[in-house]
Structures are given as structure tokens and as C-alpha cells.
Amino acid sequence: MDVVEPFLALVVYPTTPEAQARQADNLVRIAAEKIRLLPGFLEARVFVSEDGGSLVTLSQWSDRESF
């Protein structure tokens with residue numbers, strides 16, 4: 001019997017301190033409006049760096065093919 005493990009996708013986006021909050025809000029909005037509706041999507045989180053230089057998204061999918 002094949003066991004399917006959830007797939008985690010970690011993406012790092014470079015940004016600037018001035019744009020970080022706006023870009024984080026945009027990522028959250030896109031996830032809430034579109035990505036969450038995709039088959040196999042389980043959850044996502046957006047992390048901001050303390051220095052304002054990057055955003056990190058972590059999304060979990062039921063399997064790699066769904067991603």
C-alpha cells in the first residue's frame with residue numbers, strides 16, 4: 001500500500017522594509033481568495049523577516065501533484 005505524505009512548499013521572496021507589509025497583505029489576500037480553493041490545498045502561512053528584507057510562505061498540500 002502506497003503512503004502519500006503531505007507536501008510542504010517553502011518560498012522566500014526578497015522585498016524591502018517599505019514594501020514588506022503591503023506584499024504580505026497581498027499574499028494573504030491571494031491565498032484567502034484563490035489558493036485555498038485549489039484541490040489538495042491544506043494550509044498556508046506568511047512570515048515576515050524582522051529586517052524587512054524578505055517574506056517567507058509555507059504552504060501545505062495533500063501531495064506533491066496538488067502543488
Side-chain angles (χ1 to χ4, degrees):
M1 174 156 107
D2 291 334
V3 176
V4 177
E5 295 284 333
F7 180 77
L8 296 173
L10 182 71
V11 180
V12 179
Y13 299 93
T15 189
T16 64
E18 299 78 28
Q20 186 186 55
R22 183 182 76 252
Q23 291 173 338
D25 289 344
N26 285 338
L27 287 169
V28 169
R29 181 182 51 77
I30 290 167
E33 293 175 1
K34 298 182 181 183
I35 296 173
R36 73 178 183 86
L37 303 175
L38 297 174
F41 175 78
L42 299 175
E43 68 177 327
R45 295 175 186 220
V46 176
F47 300 94
V48 296
S49 65
E50 288 186 9
D51 67 359
S54 63
L55 296 167
V56 177
T57 60
L58 176 64
S59 58
Q60 184 173 2
W61 300 81
S62 60
D63 52 50
R64 185 179 186 88
E65 290 73 32
S66 295
F67 175 72

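Remember, predicted model here, so these are calculated numbers, not experimental data.
- Put simply, the side chain of Arg36 gets close to the backbone of Ala32: a donor and an acceptor are under 3.5 Å apart.
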Next item on the list: Check the pair Val12, Phe47 against side chain to side chain contact (heavy atoms under 4.5 Å, CB included), reporting the backbone distance first and the verdict last.
Entry: CA-CA 9 Å; Val12 179; Phe47 300 94; over 6 Å; no

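- In this structure, Gly40 and Ser66 approach most closely via the heavy-atom pair CA-OG, 3.6 Å.
- Relative ring orientation between Phe67 and Phe7 is described as tilted, the plane-to-plane angle lying within the 30° to 60° band.
- Shortest non-hydrogen contact noted between Val28 and Val46 is CG2-CG2, 3.9 Å.
- Hydrophobic clustering, with ILVMFWY side chains joined whenever heavy atoms are under 4.5 angstrom apart, keeps Leu42 apart from Leu38.
- Closest approach of Gln20 and Gly53 over heavy atoms only: NE2-N, 4.3 Å.
- Between Tyr13 atom OH and Thr57 atom OG1 the span is 4.0 Å, to the nearest 0.5 Å.
- Separating the CG atom in Leu8 from the CD atom in Glu43 is a distance of 8.5 Å, to the nearest 0.5 Å.
- Smallest separation of non-hydrogen atoms from Ser59 and Phe41: CB-CE1, 4.4 Å.
- Residues Leu55 and Val11 share a single hydrophobic cluster, defined by chaining ILVMFWY side chains whose heavy atoms lie under 4.5 Å apart.
- Within the model, atoms CD of Glu5 and CZ of Arg64 stand 13.5 Å from one another, a figure rounded to the nearest 0.5 Å.
- By the neighbour-count criterion of 12 heavy atoms within 6.0 Å, atom CD of Glu50 is sparsely surrounded, having that number or fewer from other residues, nucleotides or ligands.
- Note that the CG atom of Asp25 and the CD1 atom of Ile30 stand 11.0 Å from one another [nearest 0.5 Å].
- With hydrogens and angles ignored, the 3.5 Å screen pairs a side-chain donor or acceptor of Ser49 with a backbone N or O of Ser54.
- Across every non-hydrogen atom of Ala24 and Val48, the tightest pair is CB-CG1, 4.0 Å.
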